[in-house]
Protein chains: 2
Amino acid sequence: MLSKKTQYAFHALTYLAENYSKGPVLISEISQERQISLKFLENILLELKKSGILGSKKGKGGGYYLIKPADEVHLAKVIRVLDGPIALLPCVSLNYYEKCENCTEEICGLNRVMTEVRDSTLKVLENKTLKDILRSR
Amino acid sequence: MLSKKTQYAFHALTYLAENYSKGPVLISEISQERQISLKFLENILLELKKSGILGSKKGKGGGYYLIKPADEVHLAKVIRVLDGPIALLPCVSLNYYEKCENCTEEICGLNRVMTEVRDSTLKVLENKTLKDILRSR
DNA sequence: TAAATACCCTATAAAAATGGTAGGGAATAC
DNA sequence: GTATTCCCTACCATTTTTATAGGGTATTTA
């Protein structure tokens with residue numbers, strides 16, 4: 001399951017996408033509109049910024065904004081930034097790979113099946129973008 | 001990611017499948033062969049029994065055994081028993097559905113996409129069985 | 001250049017989930 | 001009736017999750 005953090009991230013990002021033309025948006029505005037605890041949201045937006053999804057501007061008239069248009073922000077990327085691996089096992093993760101103990105990948109049947117699961121999940125998440133989850137369509 | 005519990009369950013179940021002809025197998029034997037803490041494994045096997053995947057026999061000559069042949073035990077079922085929902089959001093879970101707060105499903109874009117993810121994941125996990133993850137093939 | 005604005009960063013903490021342990025109870029075989 | 005083996009409940013330590021607090025730093029504007 002996706003963490004609250006990731007779910008909040010999606011809510012915040014769609015809000016930013018829907019208000020793209022307004023320029024930088026205040027954390028407090030997103031917090032109020034999407035009912036997310038202000039300080040928690042602050043951390044989330046910071047992580048999204050560090051990962052290159054958002055930009056920010058300080059001082060009056062500042063706030064957060066999408067660096068790329070909504071249809072270039074892939075859902076898989078957002079999940080990876082906040083929740084980490086999408087795969088069901090570390091040994092089949094593309095971005096967070098870790099070797100299994102007590103299990104040789106070549107002969108491990110679970111490894112084979114979970115690779116299949118990963119690929120079919122990514123086929124969706126890497127081809128869907130923020131644009132696909134906007135409210136106003 | 002799958003919990004250790006679920007991963008151990010798969011290891012135990014494949015061991016039982018590979019020794020299907022032997023009849024009931026001791027917890028302690030599975031524990032040793034697959035390097036799983038005895039008491040932790042005990043809990044796992046009990047859950048698998050309660051959910052109808054395993055049968056058990058007490059007293060001398062007792063142990064745990066698969067109720068159905070390996071190719072009738074679907075991976076999705078095992079995951080659901082030990083880890084709960086397979087879906088990425090409660091509001092798209094088939095077996096553990098919960099309504100979202102602050103979000104109407106009809107207009108929620110995330111709901112639509114995560115339903116797609118769920119379906120593509122289940123397409124794999126509901127069609128693969130223990131037989132597909134055995135070591136000896 | 002001072003004051004207001006708004007993001008930046010670190011630390012802390014409560015609550016929940018995870019991973020594992022303990023010990024006696026109940027059924028079965030001999 | 002005794003040894004065997006699963007059954008069941010409770011407990012515990014650690015980690016992760018979900019926040020909260022509070023000051024720091026950069027920017028704008030007057």
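Every chain is numbered from 1 and lettered A, B, ... according to where its sequence line falls, protein lines coming before strand lines. Quick caveat, the model's predicted, so the values are computed rather than measured.
- The closest side-chain heavy-atom distance from B/Ile53 to B/Tyr64 is not below 4.5 Å.
- Closest approach of B/Leu41 to B/Ala12, counting heavy atoms only: CD1-CB, 4.0 Å.
- Taking atom CD1 of A/Ile44 as the reference point, atom P of D/dT20 lies 11 Å away to the nearest angstrom.
- Residues A/Met114 and B/Leu125 approach most closely at CE-CD2, 4.2 Å, considering heavy atoms.
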task: Represent DNA chain D in dot-bracket notation, 5' to 3'. Only Watson-Crick or G-U wobble pairs with both distances under 3.5 Å count; pseudoknot-style crossings use [ ] and interstrand partners use |.
output: ||||||||||||||||||||||||||||||
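- A heavy-atom distance below 4.5 Å is found between the side chains of A/Glu18 and A/Leu134.
- Nucleotide C/dC9 holds its P atom 11 Å from the CD atom of A/Glu42, rounded to whole Å.
- Looking at every heavy atom in both residues, A/Ile44 comes nearest to A/Ala9 through CG2-CB, 3.9 Å.
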- request: Give the B/S/- string for nucleotides 15-21 of chain C, one per nucleotide from 5' to 3', where a protein heavy atom under 4.0 Å of the base yields B, of only the sugar-phosphate yields S, and otherwise -.
  value: ----SBB
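- The shortest heavy-atom contact between B/Ala87 and A/Met1 is O-SD, 3.1 Å.
- A/Ser31 and A/Ser37 make their closest contact through OG-C, 4.3 Å (heavy atoms, listed as atom of the first residue, atom of the second, distance).
- Residues B/Leu82 and B/Tyr8 form no side-chain contact, since every pair of their non-hydrogen atoms from C-beta on lies 4.5 Å or further apart.
- Atoms NZ (A/Lys49) and C1' (C/dA6) sit 12 Å apart, rounded to a whole Å.
- Side chain to side chain, A/Arg80 and A/Ser51 fail the donor-acceptor criterion of an N or O pair below 3.5 Å.
- Between the CD atom of B/Glu47 and the C1' atom of D/dC7 there is a distance of 13 Å, rounded to whole Å.
- Put simply, CD1 on A/Ile36 is 18 Å from P on D/dT17, counting in whole angstrom units.
- Between A/Lys39 and A/Glu42 there is a salt bridge, since a side-chain N of the basic residue sits under 4.0 Å from a carboxylate O of the acidic one.
- In the set C/dA6, D/dC7, C/dC8, D/dC7 carries the atom at the smallest distance from any side-chain atom of B/Ser56.
- Heavy atoms of B/Leu45 sit nowhere under 4.0 angstrom from any nucleic acid atom.
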Measure all distances between protein nitrogen or oxygen atoms and nitrogen or oxygen atoms of nucleotides 24-28 of chain D, and list the pairs falling under 3.5 Å.
{"residue": "D/dA26", "atom": "O4'", "partner": "A/Lys58", "partner atom": "NZ", "Å": "2.9"}

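- If you take CD1 of B/Ile27 and P of D/dC7, they are 7 Å apart, rounded to a whole angstrom.
- Shown here for B/Lys22 and B/Glu29, the closest heavy-atom pair between the two residues is NZ-OE2, 2.7 Å.
- For the pair A/Glu29 CD and C/dC7 C1', the computed distance is 15 Å after rounding to whole Å.
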